[in-house]
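Data first, discussion second: the structure below is written as C-alpha cells.
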Amino acid sequence: MHGAQLVNTIAPRWSMLIRAALALVVIACGLSLRWYGFPLGLPAFVVKYGGSLLWATMVFLLIGVLLPRLTRSQLVMIAMAIAVVVEFSRLVHTPGLDAFRLSTAGALLLGRIFSLWNLVAYAAGIGFGVWIDRLATTRALAG
C-alpha cells in the first residue's frame, strides 16, 4: 500500500513539470508564429488559426499544471469552457477592456475579433494538447 501512495504523489508532480515544460514550448511556438509567420511568408490562415490552436493548447496544459490530479477529460472540459468564454467575451466592449485588447498582452491573451472559427481552432488545439500530454506523460512516467 505504501508504494501505491508514493506513485500517487509522484505522478502528479511529474505531470505538472512535464505540462509546464510543454506549455513553455507551446508559448514559444505561438509567439514565434505570430511574430515571424508573416515575414516568413506563411499564409494568414496558418498564422491566425495556428496561433489560436496553440493558445488553446497552452490553456489546456496550464490548467493541467494548476490542477494535476484532474483527468484529461476534466481538463478538456475546463479548457473548452475557458476558450468559449474568452471568445464570446470579444463581443463585450468597455473602454478598459478595449484598451487592454489593443495592447500586445491583451491581443495575445484575449484576442480582438470574435470568430466562431476560433472555436474550431481551440477544439483542435485542445485535442493537440491531449495528444502531446498523453505522449509525454506516458513516456516519462513509464521510464
Side-chain angles (χ1 to χ4, degrees), residues 4-143:
Q5 289 174 340
L6 183 61
V7 169
N8 288 338
T9 58
I10 292 173
R13 287 185 193 149
W14 270 108
S15 292
M16 282 176 44
L17 292 172
I18 291 165
R19 288 171 175 159
L22 289 171
L24 289 174
V25 170
V26 167
I27 290 167
C29 289
L31 291 174
S32 296
L33 180 62
R34 292 290 177 148
W35 289 336
Y36 304 114
F38 289 124
L40 290 173
L42 294 176
F45 176 86
V46 171
V47 176
K48 164 89 174 95
Y49 294 109
S52 295
L53 182 145
L54 291 169
W55 179 88
T57 304
M58 174 202 66
V59 169
F60 170 82
L61 292 169
L62 291 178
I63 292 166
V65 169
L66 296 173
L67 303 168
R69 295 187 186 278
L70 294 184
T71 66
R72 282 189 189 95
S73 296
Q74 292 169 317
L75 298 175
V76 165
M77 298 303 287
I78 293 169
M80 202 61 211
I82 290 170
V84 168
V85 167
V86 167
E87 191 62 32
F88 279 92
S89 78
R90 294 176 188 168
L91 297 173
V92 176
H93 297 280
T94 64
L97 191 54
D98 287 343
F100 179 65
R101 286 186 183 121
L102 290 175
S103 71
T104 300
L108 291 171
L109 293 173
L110 299 180
R112 294 185 178 141
I113 299 169
F114 174 81
S115 170
L116 288 175
W117 286 109
N118 279 334
L119 295 176
V120 175
Y122 296 153
I126 292 167
F128 178 66
V130 169
W131 179 71
I132 63 172
D133 179 62
R134 182 177 292 132
L135 186 68
T137 56
T138 301
R139 288 188 181 185
L141 295 175

Could you list all the ring pair (Phe, Tyr, Trp, His ring centres under 6.0 Å) pairs where at least one residue sits in residues 43-87, not counting sequence neighbours? Phe45-Tyr49, Trp55-Tyr122

In this structure, CD1 of Ile63 is separated from CG of Leu70 (nearest 0.5 Å) by 9.0 Å

Val25 and Ile132, any side-chain heavy atoms less than 4.5 Å apart: no

Check the surroundings of atom CD1 in Ile113: do more than 12 heavy atoms from other residues, nucleotides or ligands lie under 6.0 Å from it? no

Residues Leu33 and Gly51: closest non-hydrogen pair is CD2-N, 3.4 Å

Quick check: do Arg90 and Asn118 have side-chain heavy atoms less than 4.5 Å from each other? yes

Spacing of Leu61 atom CG and Leu66 atom CG [to the nearest 0.5 Å]: 11.0 Å

Roughly how far, to the nearest 0.5 Å, is the OG atom of Ser103 from the CG atom of Asp98? 11.5 Å

How far apart are the closest heavy atoms of Arg134 and Arg72, and which atoms are they? CA-NH2, 3.2 Å

So, taking the atom named CG in Leu62 and the one named CZ in Arg19, what distance separates them when rounded to the nearest 0.5 Å? 11.0 Å

Are Ser115 and Glu87 packed together at the side-chain level, in the sense that at least one heavy-atom pair is separated by less than 4.5 angstrom? yes

Using every non-hydrogen atom in the two residues, find where Ala136 and Ile18 come nearest and quote the distance to one decimal. CB-CG2, 3.6 Å

Minimum heavy-atom distance between Met16 and Gly64, given as atom pair plus value: CG-O, 4.5 Å

Pairs touching residues 100-120 that satisfy ring pair (Phe, Tyr, Trp, His ring centres under 6.0 Å), sequence neighbours left out: Phe88-Phe114

Exam field: side chain Arg34 to backbone Lys48, donor-acceptor pair closer than 3.5 Å: yes

CG/Leu22 to OG/Ser15 distance, rounded to the nearest 0.5 angstrom? 10.5 Å

What's the spacing between Asp133 CG and Thr137 OG1 if we round to 0.5 Å? 4.5 Å

Exercise: identify the closest heavy-atom pair between Leu97 and Ser89: CD2-O, 4.4 Å

